[in-house]
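Whatever order the structure lists them in is the order used to number ligands and atoms, beginning at 1.
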Amino acid sequence: MKIRENIPISTLTTMRLGGNARFVIDIENVDDIKEAYAFAEDKNLPVYVLGKGANTIGHDEGFDGVILINKLRGIEILKEEGDEILLKGMGGEVWDDFVDFACEKGYSGIEAMSAIPGTLGAAPVQNIGAYGQEAAQAIEEAEAFDSLLSEIHVIKKDDMKLEYRKSIFNSGEDAGRYFIVSVTVRLKRGELKPPFYTSLQRYVDEHNETDFSPKNIRRMIKKVRANKLPDPDVEASAGSFFKNIYLSDEEVEKAKKEGILVWREHGKNLVNSGWLIEEAGLKGKVFHGMKVSDKAALILINESAKSYADLAAARAEIIKIIEDKFSYKLEQEPVEIPER
Ligand SMILES: Cc1cc2nc3c(=O)[nH]c(=O)nc-3n(C[C@H](O)[C@H](O)[C@H](O)COP(=O)(O)OP(=O)(O)OC[C@H]3O[C@@H](n4cnc5c(N)ncnc54)[C@H](O)[C@@H]3O)c2cc1C
């Protein structure tokens with residue numbers, strides 16, 4: 001087990017902010033997990049688990065604790081019976097490699113989530129989703145190391161309480177308790193049927209696409225995303241910076257009267273926070289070195305912010321502008337590593 005000391009969190013996260021983590025341990029095999037938690041306990045330090053840091057922001061003060069980086073790799077077909085497939089991957093697998101594996105085999109169920117940065121192990125944490133699919137629709141179960149009981153056990157999908165950007169792994173009393181070792185998804189041999197999510201459908205129509213196999217949907221999604229979303233290797237960001245806003249049926253009436261555009265997704269009403277930001281004329285504007293992406297208003301790009309403090313100032317200004325104009329209070333989507 002390799003232990004590194006005083007590592008800048010800015011180098012472990014795609015937003016590229018944050019001071020030093022006292023210790024960082026790469027988890028390369030399952031035995032490392034127990035050993036790493038024991039190391040932290042011995043030093044009386046908290047543990048924080050990271051994948052690729054694509055949804056996580058570090059503080060300027062750093063983290064006086066132990067960051068575990070999930071580097072467990074491997075993909076296995078557990079079952080293939082008729083059209084039903086159970087596909088398992090280790091938590092440190094790159095999510096998009098896992099999607100690619102599934103698509104190449106002709107398995108449908110996660111293809112619209114192609115090119116989401118990060119690891120497979122992080123997918124259930126915030127129940128990732130894109131272009132009309134979400135992890136909750138595919139996840140079957142996960143193996144997780146329970147840091148309270150110091151053992152690995154299986155957590156079934158229903159027990160994960162997966163909601164929009166929420167699960168037992170990041171919310172409630174068990175938040176931070178588990179290290180997700182592997183994730184199993186249930187997929188189907190087959191293909192998605194139109195109509196698709198708006199921007200995918202637009203691409204299909206514009207290019208007269210008729211092949212909706214997982215492999216081709218993946219190719220189209222990658223094209224659509226590349227036109228809109230920053231490549232984390234090139235531009236520092238944490239993806240969508242604000243959550244969308246879900247409305248009750250009563251709230252929809254009021255919103256519509258106020259000229260707010262309300263979407264329906266997975267049977268729910270939502271206001272797209274990116275739309276609010278765009279309507280407020282903030283696209284392309286730079287606040288304290290943080291730029292509101294001129295392609296996708298929900299994304300904040302760290303152009304030249306020097307610190308978490310810059311990000312916090314930018315966030316506060318954007319939230320205030322939106323609240324003053326629309327009376328909705330935006331909530332941040334990426335999580336933050338506590339200082340201790
Ligand atoms: C350009 C860009 C585009 C994006 N687009 C999308 C999108 O379309 N849809 C979407 O849903 N998200 C999107 N995101 C957000 C991000 O890709 C996802 O949240 C992804 O799941 C993060 O994976 P990660 O490995 O980087 O997680 P990290 O940022 O490392 O961790 C995220 C959270 O999960 C926890 N965690 C990570 N691994 C484990 C584990 N093994 N066990 C327990 N807890 C763990 C961490 O403690 C943290 O709380 C985007 C991000 C970027 C930068």
I277 side chain reached by V292 side chain, heavy atoms, under 4.5 Å: yes
E84 with K79: basic N within carboxylate O range, under 4.0 Å: no
For K228 and S293, which heavy atoms make the closest approach, and how far apart are they? O-OG, 4.4 Å
Any N/O pair I116/ligand 1 closer than 3.5 Å: no
Counting only nitrogen or oxygen atoms and a 3.5 angstrom limit, does S237 reach ligand 1? no
State, with a plain yes or no, whether a side-chain heavy atom of R202 is found less than 4.5 Å away from one of V224. no
Would you check whether T14 has a nitrogen or oxygen atom less than 3.5 angstrom from a nitrogen or oxygen atom of ligand 1? no
Touching ligand 1 at all, R225? Heavy atoms, strictly under 4.0 Å? yes
Sub-4.0 Å atoms of ligand 1 with respect to non-hydrogen atoms of A238: 51 (C), 52 (C), 53 (C)
Which atoms of ligand 1 have any heavy atom of P230 under 4.0 Å away? 1 (C)
Pair R218 + D96, salt bridge at N-O below 4.0 Å: yes
Counting only nitrogen or oxygen atoms and a 3.5 angstrom limit, does Q126 reach ligand 1? yes
Taking only Lys NZ, Arg NE, NH1 and NH2, and the carboxylate oxygens of Asp or Glu, determine whether R189 and E81 approach each other closer than 4.0 Å. no
Pairs of nitrogen or oxygen atoms closer than 3.5 Å, one from T119 and one from ligand 1: do any exist? yes
protein heavy-atom neighbour closest to atom 32 (C) of ligand 1 works out as T56 OG1, 3.4 Å
Min over Y131, Y178, W95 of heavy-atom distance to atom 43 (C) of ligand 1 lands on Y178
Does the gap between the ring centers of F196 and Y203 come in under 6.0 Å? no
Check each heavy atom of K52 against ligand 1 and say whether those closer than 4.0 Å belong to the side chain, the backbone, both or neither. both
I'd like to know if N70 contacts ligand 1, where contact means a heavy-atom distance under 4.0 Å to any ligand atom. yes
So that I can tick it off, tell me whether E235 and K291 are bridged by a salt bridge, with the cut-off set at under 4.0 angstrom between side-chain N and carboxylate O. no
Does only the side chain of A144 get under 4.0 Å from ligand 1, or the backbone, or both, or neither? Count heavy atoms. neither
Under 4.0 Å from one or more heavy atoms of V335, ligand 1 contributes atoms 48 (C), 49 (O)
Counting only heavy atoms, tell me which of P117, A54, A123, A122 gets closest to atom 17 (O) of ligand 1. P117
Report yes if the side chains of Q332 and R315 come closer than 4.5 Å at any heavy-atom pair, otherwise no. yes
Polar proximity ligand 1 side, G51 side, N/O cut 3.5 Å exclusive: yes
K71/E28 ion pair, N-O < 4.0 Å: no
Using distance alone, decide if ligand 1 has a nitrogen or oxygen within less than 3.5 Å of any nitrogen or oxygen in G129. yes
Please determine whether a side-chain nitrogen of the Lys or Arg among D64 and R22 lies less than 4.0 Å from a carboxylate oxygen of the Asp or Glu. yes
Distance filter under 4.0 Å to F179 heavy atoms, resulting ligand 1 atoms: 42 (N)
G53 to ligand 1, any heavy atom closer than 4.0 Å: yes
Which of the numbered atoms in ligand 1 are below 4.0 angstrom from a heavy atom of G239? 2 (C), 3 (C), 4 (C), 50 (C), 51 (C), 52 (C), 53 (C)
Of the listed options I27, L50, L68, V125, closest to atom 33 (C) of ligand 1 (non-hydrogen atoms): V125
Is there any N or O on V49 that sits under 3.5 Å from an N or O of ligand 1? yes
Is the side chain of S150 donor-acceptor paired with the backbone N or O of S147 at a distance under 3.5 Å, no angle test? no
Contact check, R165 vs ligand 1, heavy-atom distance below 4.0 Å: yes
Do the two ring centres, one from F145 and one from Y37, sit under 6.0 Å apart? yes
For atom 49 (O) of ligand 1, which candidate among F169, F145, Y48 provides the closest heavy atom? Y48
L229, any N or O under 3.5 Å of ligand 1 N or O: no
State, to 0.1 Å, how close V183 and P124 come at their nearest heavy-atom pair, and which atoms those are. CG2-CG, 3.9 Å
